[in-house]
Amino acid sequence: MASVTKRGGTYTIRVSLGYDSGGRQIQKFTTWKPSPGDSRQNPHGS
């Protein structure tokens, strides 16, 4: 499952990779900052 959150002029992208052997959730995060003049929409399409 992935989620995208807008934070000011950047977007935080979080992905859940399941659970480790101890039952804790494994997650990865990254931040995307659109270039000035970038015409793409919000990365999750809304």
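Throughout, numbering of the chain's residues begins at 1 and tracks the sequence.
When every heavy atom of Gly9 is checked against every heavy atom of Pro34, the shortest pair comes out as O-CD, 3.4 Å.
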Which side-chain N or O atoms in residues 23-30 pair as donor and acceptor under 3.5 Å with protein atoms at least two apart or in another chain?
{"unit_1": "Gln25", "atom_1": "OE1", "unit_2": "Gln27", "atom_2": "NE2", "d": "3.3"}
{"unit_1": "Gln25", "atom_1": "NE2", "unit_2": "Ser16", "atom_2": "OG", "d": "2.9"}

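Applying the side-chain contact (heavy atoms from CB on, under 4.5 Å) rule to Thr31 yields the partners Thr10, Thr12; only residues at least two apart in sequence or on another chain are considered.
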